[in-house]
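Since the model is a prediction, treat every value here as computed from it, not as a measurement. Each chain gets a letter, A, B and so on, in the order its sequence line appears, and its residues count up from 1.
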Amino acid sequence: MTELSTRFNFKEIDEKWCQHWVDKQTFHAEPNPDKKPFSIVIPPPNVTGILHMGHALNNTLQDISMRYWRMNGREAMWMPGTDHAGIATQNVVEKQLAKEGTRRQEVGREAFLERLWSWKKEYGDTIIHQLKKLGSSCDWPRTRFTMDDGYSAAVKKVFVALYDKGLIYRGEYIINWCPRCLTALSDEEAEHHDTQGHLYYIQYPFKDHPQESLTVATTRPETMLGDTAVAVNPKDERYSQYIGKTIVLPLINREIPVIADDFVNPQFGTGAVKVTPAHDPNDFMMGQRHNLPFINIMRPNAVLNENAGDFSDMDRFEAREAIIETLREQKLLSDIKAHPHAVGHCYRCHTVVEPYLSRQWFVKMKPLAEPAIKVVREGKINFYPQRWTKVYMNWMENIRDWCISRQIWWGHRIPVWYCADCPPEKNVIVAQETPSACPVCQSTRLTQDEDVLDTWFSSWLWPFATLEWPHDNEALKYFYPTNCLFTAPEIIFFWVARMIMAGLEFMGDIPFEDVYLHGTVRDAKGRKMSKSLGNAIDPLEIIEEYGADALRFSLIVNSGQDLFISKEKFEIGRNFANKIWNASRLVLMNSPQADRTATLEDLAAQKDSDLPSRWIIARFYATLEKINVAIEKYKYSEAENLIYEFFWTNFCDWYLEIIKKQWHDQTIQTIAYKILENALKIIHPFMPFVTEEIWRHMQTDQTLISVSAWPTRGDNLEDERISQDMQILIDVVTAIRNARSEWNIPNQQDIQCTLVCTSNDSQRLLKDNMSIIEFLGRVKDGAITDKKEDVKNAAISVIQDITCVIPLGDVIDIAKEKTRISTQIQKTQKTADNLTKRLQNETFLNKAPADVIQKEKERLSQWQHEMTTLKAVLSNLE
RNA sequence: GGGCGAUUAGCUCAGUUGGUUAGAGCAUCUGAUUUACAUUCAGGGGGUCGUAGGUUCGAAUCCUACAUUGCCCACCA
């Protein structure tokens, strides 16, 4: 084998295997009738920019799962790809244009889209590259983009199908409008933040009695310019006399009626509401109920239009100030109260959205939601952690129609054409391909709808559109439905729920069985990582500095729900990778004669091996068992802790230390070698690079650990006896080390140690393993006896039925040792007392299960034994 | 206004269906360097499990209330 350097040189090795796996298409999967499939689709990262820590976490989780199942014999296919992310990507490119002093309207649609495609090329490639660097075992030749030709065909087909089914309609409604992005948004795309606003109380005078007025309260006084009524609750006696009266709207002197509507809450504000049907969803409905005029007072950019009288050409917030000022002057402003309320913001640019009346395309959601509710209720799809089921259900059960048209250019153009020669509203042609003529009047004067579709209208097809749907093909049949979706809870509504609906509607089957929702990555102070806060840690920087394995391992180990990370956290992973590297060096350097054809099962079956070897093999199988369960239950941090404990504490700190003087033994070489080999396999899903590299050094052929077989379980579960015996050895060694440390005895100085015990079992155990105790405890002349030693000036500790006596001569401070023993006696006494009390308690004896009582009795006798020994030790000191 | 989490060592987190003296990593303290690894090794200190009640023979674990904190949803202008 080749020499390994003293440190794990991750830069070189990451690069090497990253390249190798891609070049050899190690992770390409094809339908294989002999294997069960395991497939997942990546949540396609937006091509807006580069990957952040959240992506690193998301993809690490997916990769652990993929690698685990691949090694477990599945045909594992991980579909990679990217999302065009309509508004978001258009925004970043618009910002670029702005820097150049131009705008998309000046550049023109075609040239602007060219810019976007080149942006997509650059950032899409970067993202794929970053995913590779992370070690993601994706099926790279399948890489898809949500605006691929084939994908676009799927989107169009879906639009037409839903339209034909009557589930897509066009209409004028109040939607969320972003005045900066100049587009409609869906309800989900408007993020509500609690904001400290004001409630303005404004007096609206009556036409007949200008001295009298109704006072209304509003948070958006500028919208009063579009008021077409004032509403009160019909049961509100304070106002019943005014219903039907006419009010003269201040500032623009429009005459508007006082109407009665149940919607009005008499408790809120003054109980009288201004009604602005074109600028508020509730008012819109009232407007429809009462046949009120809809007066739009705003241009798309939220600057007031000609309907705003003196306030036209003012921005909405500027107009708010001006209106308040004017009303104040006219003594029509009776009060301003602080009023905290939720204000909608654009999820992409954070501008305050405006409820705006406009004609858009919508999807009727209820019919799609029903089957999607059913599959979750029936447990065909499961959420992990389970509590997210409720969140999903709640949204689905109250689902509202989905506004899917966007007034932007980057995206799937809506497959709708309008005939110039047909009457309005009857001129709509919905088709997958550009029609050559109007099917009704044969006119060729057709224009396509200018708008594009919501980005999620393509993402919701991801699990099957990436597999070439609607083309019937083997891969689609074989890999759909996928097994699991790994994503963040933020997009349950945007994406998860809609994929379930689309899957059921178009594939007639669920898109995935499990949905695993992981936490958000935050900084050490718990803030969300973001560019604008400057607290983001770039995963690539961590890969450069600590290695990809370290990044992956550290993101998972000790992780709670949300993830709080600082740079230091990555040291855990880096150190562990280095530990694996060096332990492997040690084993490989010392095991030239290891029998590489042996299997761990064979070795486990040899019952005459030495205790440490039997122990480490048993520990391995116990760990393997627990890891299998943990991974399959999505408990990745638990799995990592098990691996860490096994490899570092059991294997390195004990086993490799114990066998240090035994490398000449071929059996020891074989066992160490085989344990390492199998340990690498179970570490591999978590740390693919270091394990692949070491594997290559261990194998004579060119096999890859990535596609090796996961260790099989066998019946070699941990032997209770072996682990107990080994624990005694460990405790004895620890007691000796402890005494050394306590009495400041330098390591070079040899010490003596006498182990006193009476039972045959313990005697034999100690005799068989005395050399280990001597070696690890640096003991010279270890002795075993069944007679009580009457040694003065000795450090004494008790391990079950074994008393460990270390003569210290004048090094010992008798007073100090007495205190130490006394403290220990006190602790022991307390525990024993508690146990005694419990065992004397009638109700405990009556009600507790027999095995618990039995256990407690055994414990008590152990404690009592220890106490007797300790007391003897103490009296011996006096 | 509703819903869902969280609260365990200085920090980040484990803690399975209630049943040993509540664990780990980091940090801290003491000691170790011709040894595979100082990205290391050995040892120590550090917790009345947010508060108050309740259920139980027994509670970090189950129940109730409260506190603190985070997230999501919601048309009371």
**Request:** Could you grab the distance from atom CD1 of A:I492 to atom CZ of A:F383, nearest 0.5 Å is fine?
**Result:**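 Interatomic distance, A:I492 CD1 to A:F383 CZ, rounded to 0.5 Å: 6.0 Å.
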**Request:** Nearest 0.5 Å please: distance from the CD1 atom of A:I297 over to the CD atom of A:E222.
**Result:**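 Going from the CD1 atom of A:I297 to the CD atom of A:E222 covers 7.0 Å.
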Output one letter per nucleotide in [range]: B when a protein non-hydrogen atom lies under 4.0 Å from the base, S when only the sugar-phosphate is that close, - when neither is.
{"range": "nucleotides 72-77 of chain B", "answer": "-SBBBB"}
{"range": "nucleotides 56-63 of chain B", "answer": "-B------"}
{"range": "nucleotides 39-49 of chain B", "answer": "BSSSSS-----"}

Please report the distance, rounded to the nearest Å, between [atom1] in [X] and [atom2] in [N].
{"X": "A:F383", "N": "B:G5", "atom1": "CZ", "atom2": "P", "answer": "15 Å"}
{"X": "A:Y546", "N": "B:C26", "atom1": "OH", "atom2": "C1'", "answer": "13 Å"}
{"X": "A:I556", "N": "B:G25", "atom1": "CD1", "atom2": "P", "answer": "19 Å"}
{"X": "A:Q749", "N": "B:A32", "atom1": "CD", "atom2": "C1'", "answer": "14 Å"}

**Prompt:** Hey, are the side chains of A:F494 and A:E189 touching, using non-hydrogen atoms and a 4.5 Å cut-off?
**Reply:**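 Sidechains of A:E189 and A:F494: in contact.
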**Request:** Determine whether A:W388 and A:V515 make a side-chain contact, defined as any pair of heavy atoms from C-beta on separated by less than 4.5 Å.
**Result:**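 Side-chain contact under 4.5 Å: no.
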Roughly how far apart, to the nearest Å, are [N] and [M] at atom [atom1]?
{"N": "B:A14", "M": "B:C73", "atom1": "C1'", "answer": "31 Å"}
{"N": "B:G44", "M": "B:C37", "atom1": "C1'", "answer": "24 Å"}
{"N": "B:U61", "M": "B:A74", "atom1": "P", "answer": "35 Å"}
{"N": "B:C71", "M": "B:G53", "atom1": "P", "answer": "32 Å"}
{"N": "B:C49", "M": "B:C11", "atom1": "P", "answer": "16 Å"}
{"N": "B:U55", "M": "B:U68", "atom1": "P", "answer": "27 Å"}

**Asked** Reckon A:Q840 touches a base, only the sugar-phosphate, or nothing at all at heavy-atom distances under 4.0 Å?
**Response**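 Answer is nothing: A:Q840 stays at 4.0 Å or more from every strand.
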**Donor + acceptor pair across side chains of A:D731, A:Q727 (<3.5 Å)** =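 On atom types as modelled, these side chains qualify, holding a pair under 3.5 Å.
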**Request:** May I ask you to check whether A:N233 and A:N265 show a side-chain donor-acceptor distance below 3.5 Å?
**Result:**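 No.
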**Asked** Would you call A:R552 and A:E640 a salt bridge, using N to O less than 4.0 angstrom?
**Response**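 No.
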**Message:** Looking at A:R859 and A:E856, is there a salt bridge between them, counting it only when a charged N and a carboxylate O are closer than 4.0 Å?
**Reply:**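 Looking at A:R859 together with A:E856, the answer is yes, because their closest N to O distance falls below 4.0 Å.
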**Asked** Dot-bracket, RNA chain B: Watson-Crick or G-U, under 3.5 angstrom, [ ] crossing, | other strand?
**Response** (((((((..((((.....[...)))).(((((.......))))).....(((((..]....))))))))))))....
**Request:** Only counting residues at least two apart or in another chain, list the ones meeting ring pair (Phe, Tyr, Trp, His ring centres under 6.0 Å) with A:F284.
**Result:**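 A:F284 satisfies ring pair (Phe, Tyr, Trp, His ring centres under 6.0 Å) with A:F294 once adjacent residues are dropped.
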**Asked** Side-chain donor or acceptor of A:K660 under 3.5 Å from a matching atom on the base of B:A36?
**Response**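 Check passes, donor-acceptor contact within cut-off.
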Which donor-acceptor pairs under 3.5 Å do side chains of residues 629-638 of chain A form with protein atoms, sequence neighbours excluded?
unit_1 : atom_1 : unit_2 : atom_2 : d
A:E632 : OE2    : A:Y68  : OH     : 2.5
A:Y634 : OH     : A:D514 : OD2    : 2.6

